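Report on one structure; see the data block that follows.
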There are 2 protein chains.
Amino acid sequence: MQFSKSTDYALHALIHLGHSERCNNVGIKELSGALGVSESYLSKIMSKLRQDGIVRAVSGVNGGYELARPADQITFLDVIQVIEGRQQLFECSNSSSRQHRLLAEEGAAQRDQNRPRKNECLVEKVMNGAEQHLHQYLQEHTIQSVLDEAFKRCSHEVNKK
Amino acid sequence: MQFSKSTDYALHALIHLGHSERCNNVGIKELSGALGVSESYLSKIMSKLRQDGIVRAVSGVNGGYELARPADQITFLDVIQVIEGRQQLFECSNSSSRQHRLLAEEGAAQRDQNRPRKNECLVEKVMNGAEQHLHQYLQEHTIQSVLDEAFKRCSHEVNKK
DNA sequence: CTAATATAGACCTTTGTTGTCCATAATAAA
DNA sequence: TTTATTATGGACAACAAAGGTCTATATTAG
């Protein structure tokens, strides 16, 4: 259970774009150089980000990428979901097993309340809780928040000197 | 980014064992039947759990598995770490890239304080935070807590009838 | 001794990740 | 219009991990 390298690349690329706002578009060459990733692979990732509306891209001379919306509206969760997909963090495989059915039977009291969950097993319930917590946290962190932090560190350093 | 089926199997198996405490050991056949997983594959998983001290196993006639410690001392995190391994949730691949180095440079003020983190990049910092939150949550849920919940549901149902 | 049970290793198949390469489309500048 | 530059999409390959089977071996109760 680990985030893929692609997610790593995507996040770093977006931070680079965020940092280069106001300037022109950033080409794949520059990005590739900054991150130390091959152009061909990185361009795949950038395409995905474009398809999901995270960045805009223009072909041709002086083309390149830019953020499709302000950096404080691009959360870590957004990026991760584009790259890793939106499947659940955890799913029970054998929903028809005895074990699962035992843990999935809900009292009538709970079934009455209009909960859309149908037959969620108790293990899934815990794990879905984990997923929610994780998403919550990842939503609170944006490309901008990283840039801010970097700026703080930087100015701190300057003050020292 | 998903938990493996093995983790699913392991959690369900442990819940079965927790539920069968006081009785004799539970053999792989019974477990396999309850979970709907092949004996051979499940036994691999059980072996891992034994090696890491989550369960005890006895060979021979009437042998089988039992929890190695009380169910309220076996957390979801314990189980997940045995099965999924203990690598970090996220690691930057190109720690020597320009991007990474920029984000990793810490102000002297922070370096002075005895933090063991050496050159943690800001992306890693956010993601390590996510990991901590996740671990925190997973540590708060145990095999026992699922059993308790199941019991609650069950008695609820009985009351209704 | 025998039947039942767990263990460990070899092996295989499927799937996902990481990556390259090439043909094509779009665009700015000459 | 042509050319150089840039992004896009598809095909493909190498590799690793997950999921799963089978067999030989060790252990133990009866």
Side-chain angles (χ1 to χ4, degrees), chain A residues 1-10 12-13 17 20 24-33 35-68 80 82-87 89-94, chain B residues 1-10 12-13 17 24-33 35-68 80 82-87 90-94:
Chain A
M1 241 276 294
Q2 243 200 217
F3 286 103
S4 64
K5 289 191 181 188
S6 296
T7 292
D8 172 10
Y9 300 157
H12 278 95
L17 292 188
S20 309
N24 288 330
N25 287 336
V26 178
I28 195 71
K29 276 204 183 112
E30 180 177 334
L31 276 178
S32 160
L35 304 200
V37 185
S38 81
E39 294 179 28
S40 53
Y41 192 49
L42 190 54
S43 66
K44 284 283 168 58
I45 295 169
M46 297 311 294
S47 281
K48 255 194 198 171
L49 291 173
R50 184 190 59 83
Q51 285 166 3
D52 273 65
I54 307 285
V55 302
R56 271 189 297 267
V58 282
S59 290
V61 178
N62 292 330
Y65 303 94
E66 63 179 350
L67 299 184
I80 288 168
V82 169
I83 304 296
E84 307 273 341
R86 289 177 174 76
Q87 348 86 11
L89 191 61
F90 181 91
E91 277 174 297
C92 284
S93 355
N94 301 324
Chain B
M1 240 279 293
Q2 243 200 204
F3 286 102
S4 64
K5 290 191 180 185
S6 295
T7 292
D8 171 11
Y9 300 156
H12 278 94
L17 292 188
N24 287 330
N25 287 336
V26 178
I28 196 69
K29 277 204 182 113
E30 181 177 333
L31 276 178
S32 160
L35 305 199
V37 184
S38 79
E39 293 179 29
S40 52
Y41 193 48
L42 190 54
S43 65
K44 284 281 170 61
I45 295 169
M46 297 311 294
S47 281
K48 255 195 199 170
L49 291 173
R50 184 189 58 83
Q51 283 165 4
D52 273 65
I54 307 284
V55 303
R56 271 189 296 268
V58 282
S59 290
V61 179
N62 292 329
Y65 302 94
E66 63 180 350
L67 299 185
I80 287 168
V82 168
I83 304 296
E84 308 274 339
R86 290 175 174 77
Q87 349 85 10
F90 180 90
E91 276 174 298
C92 285
S93 354
N94 300 325

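Side chains included, hydrogens not; waters and symmetry mates left out as well; all remaining heavy atoms used. Because the structure is predicted, anything quoted here is derived from the model rather than measured. By convention in this document, chain letters (A, B, ...) are assigned in the order of the sequence lines, proteins followed by strands, and residues within each chain are numbered from 1.
- Of the candidates D:dG9, C:dA4, C:dA6, D:dG9 carries the atom nearest the A:Ser47 side chain, counting heavy atoms from C-beta on.
- Applying the 3.5 Å distance criterion, the base of D:dG10 shares a donor-acceptor pair with the side chain of A:Lys44.
- At the heavy-atom level, B:Gln51 lies under 4.0 Å from the strands shown only through sugar-phosphate atoms.
- Here C:dT7 presents its C1' atom at 14 Å from CG of B:Leu49, a figure rounded to the nearest Å.
- Look at A:Ser59 and you won't find any side-chain N or O under 4.0 angstrom from OP1 or OP2 of D:dT8.
- The side chain of A:Ser4 contributes no N or O atom lying less than 4.0 Å from OP1 or OP2 of C:dG16.
- Inspection of the A:Tyr41 and A:Ser6 side chains reveals an N or O donor paired with an N or O acceptor under 3.5 Å.
- Map A:Met46 and A:Met1 each onto its nearest nucleotide of DNA chain D; the residue landing nearer the 5' end is A:Met46.
- Nucleotides of DNA chain C nearest to B:Gly64 and A:Val37 differ in position, and the one nearer the 5' end is that of B:Gly64.
- For the pair A:Ser40 and C:dT20, the criterion of a side-chain N or O lying under 4.0 Å from OP1 or OP2 is met.
- When the P atom of D:dA17 is taken as reference, atom CD of B:Glu84 falls 13 Å away, rounded to whole Å.
- Only one option out of B:Leu31, B:Val58, B:Ile54, B:Leu49 pairs with B:Tyr65 in a side-chain contact (heavy atoms from CB on, under 4.5 Å); it is B:Leu31.
- Going from atom CG of B:Asn94 over to atom P of C:dT18 covers 12 Å, rounded to whole Å.
- The main-chain N or O of B:Val82 is never found under 3.5 Å from a side-chain atom of B:Asp52 such that the two would form a donor-acceptor pair.
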For this session: Starting from the C-alpha separation in whole Å, work towards a yes-or-no answer on side chain to side chain contact (heavy atoms under 4.5 Å, CB included) for B:Ser4 and A:Met1.
Result: CA-CA 8 Å; B:Ser4 64; A:Met1 241 276 294; over 6 Å; no

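- When the P atom of C:dT17 is taken as reference, atom CD of A:Gln87 falls 8 Å away, rounded to whole Å.
- A:Asp8 places its CG atom 10 Å from the P atom of C:dG19, with the value rounded to the nearest Å.
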For this session: Test B:Phe3 against B:Asp8 for side chain to side chain contact (heavy atoms under 4.5 Å, CB included), laying out the working first.
Result: CA-CA 8 Å; B:Phe3 286 102; B:Asp8 171 11; over 6 Å; no

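- One interatomic measurement links the two molecules: CZ of B:Phe3 to P of C:dG16, which rounds to 18 Å at whole-angstrom precision.
- Residue contacts shown for B:Tyr9 are limited to sugar-phosphate atoms, with no base heavy atom under 4.0 Å away.
- Taking every heavy atom of both residues into account, A:His12 and B:Cys92 meet most closely at CE1-SG, 3.3 Å.
- No engagement by A:Glu30 is indicated, since no non-hydrogen atom pair under 4.0 Å with the nucleic acid exists.
- Checking D:dT6, C:dT18, D:dA18 against the side-chain heavy atoms of A:Lys29 singles out D:dT6 as nearest.
- Between A:Asn62 and D:dT6 there is no side-chain N or O to OP1 or OP2 distance below 4.0 Å.
- Taking 4.0 angstrom as the limit, A:Arg50 places a side-chain polar atom (N or O) nearer than this to OP1 or OP2 of D:dG9.
- Distance A:Tyr41 OH to C:dT18 C1': 4 Å, rounded to the nearest Å.
- In this structure, the CD atom of A:Glu39 is 17 Å from the P atom of D:dG9, given to the nearest Å.
- Heavy-atom nearest nucleotides on DNA chain D were determined for B:Ser38 and for B:Val58, and the one closer to the 5' end corresponds to B:Ser38.
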